[in-house]
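Notes for the one structure printed next.
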Amino acid sequence: MRYIVLLFGIFAVDAFACERGDYDTDRIAVAGGSITEILYFLGEQDRIVAVDTTSNYPAEALELPSVGYVRALSAEGLISLNPTLIIGEDDMGPPVVLDQIAATGIDHIRLEEIHTADGILAKIRCIAAIIGVSDKAERRIEEQLGDTLRALAAIDHDANKPRAGVILGLRDGVPLGAGLDTSGAGLLAMAGAENVFVDFDGWKPVSLEGMIKSNPRFVVVPQRGVDSAGGKDELLSHPALKLTEAAQTGALVSLDGMAMLGFGPRTLEIAVELADTLNADSN
């Protein structure tokens, strides 16, 4: 049984750091929406035999057999589909399921990531290296993402950063904010914005006092979070948000949740879109 963890750290990882090895990659089960997205991006979707419930892009992925939520995978479901390799995101689990899979001899790889543009490129190159299509990956990165990457590189990350906060929505009536070391914080950094939630790590509930203290100029929310709150107006009129500058100016930006927080190829495009929106509304 072979189990590898690929930690990208703070630097971009080139494909040579993710050697293909001797994995059988003909039948891949995926646990993580960004990995599914990358396999489609590479044109290698025919290798996929199953996905988890976060794999909702592209739409064709929804037609594939499901093995449960990325953090709550079904061992029986996975094994019954006879995959030759399982590739998962860093929160793939639970551990007992991974142990059951290991006992069968099925190879599985968990990819750790950093929430930056370099981290996304490293993940693409890593997956490409594992399945033996590194040259193809470089062509597709340039052809499909080249303009986006150049636009990202042109974003001013120094002066007049828009002050923004990412919230998933309301949990038990309280906004759930993206603190340090989250995909939400990474998205804002890519877009050249200042994250207002710097007093805590991870995703945490933000109190009325905490929101007033943070006082975001913009609130960035997955569309699902906006919908579950009853719409933009309902969300911005929530007691914890209504006194913020964002609520008073109506500065709520709603985006596709997996595109903005999944850190697959689409997140690069979302970061450029977000930067354009925040800077246009700041002027």
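Given the structure is predicted, the values throughout are model-derived calculations rather than measurements.
Contact of the Pro222 side chain with the Met260 side chain is registered, since non-hydrogen atoms from C-beta on lie closer than 4.5 Å. You'll find the side chain of Asn279 reaches within 4.5 Å of the side chain of Pro162, heavy atoms only. Side chains of Thr36 and Leu64 form no contact here, defined as non-hydrogen atoms less than 4.5 Å apart. No side-chain heavy atom of Val97 sits less than 4.5 Å from a side-chain heavy atom of Met92. Arg140 is not listed as a side-chain neighbour of Ile124, based on a closest heavy-atom distance of 4.5 Å or more.
Taking both residues in full, the closest heavy atoms of Ile35 and Glu89 are given as CD1-N, 3.5 Å, listed atom of the first, atom of the second, then distance. Residues Ile120 and Pro265 approach most closely at CG2-N, 4.2 Å, considering heavy atoms.
The line from CG of Asn160 to CG of Leu278 is 13.0 Å long, rounded to the nearest 0.5 Å. Considering OG1 of Thr244 and NE2 of His238, their distance stands at 12.0 Å, rounded to 0.5 Å. Ile48 contributes atom CD1, which lies 11.5 Å from atom OG1 of Thr25 (distance to the nearest 0.5 angstrom). Note that NZ of Lys242 is 10.0 Å distant from CD1 of Ile212, once rounded to the nearest 0.5 Å.
For Asp147 and Arg150, the salt-bridge test passes: some basic side-chain N is under 4.0 Å from an acidic carboxylate O. Taking 4.0 Å as the cut-off between side-chain N and carboxylate O, Glu44 and Lys136 count as a salt-bridged pair.
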For this session: Apply side-chain hydrogen bond (donor to acceptor under 3.5 Å, both in side chains) to the pair Asp52 and Thr54, showing each step before the final yes or no.
Result: CA-CA 6 Å; Asp52 76 308; Thr54 70; 2.6 Å; yes
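The closest side-chain donor-acceptor pair between Arg163 and Ser214, if any, does not fall under 3.5 angstrom.
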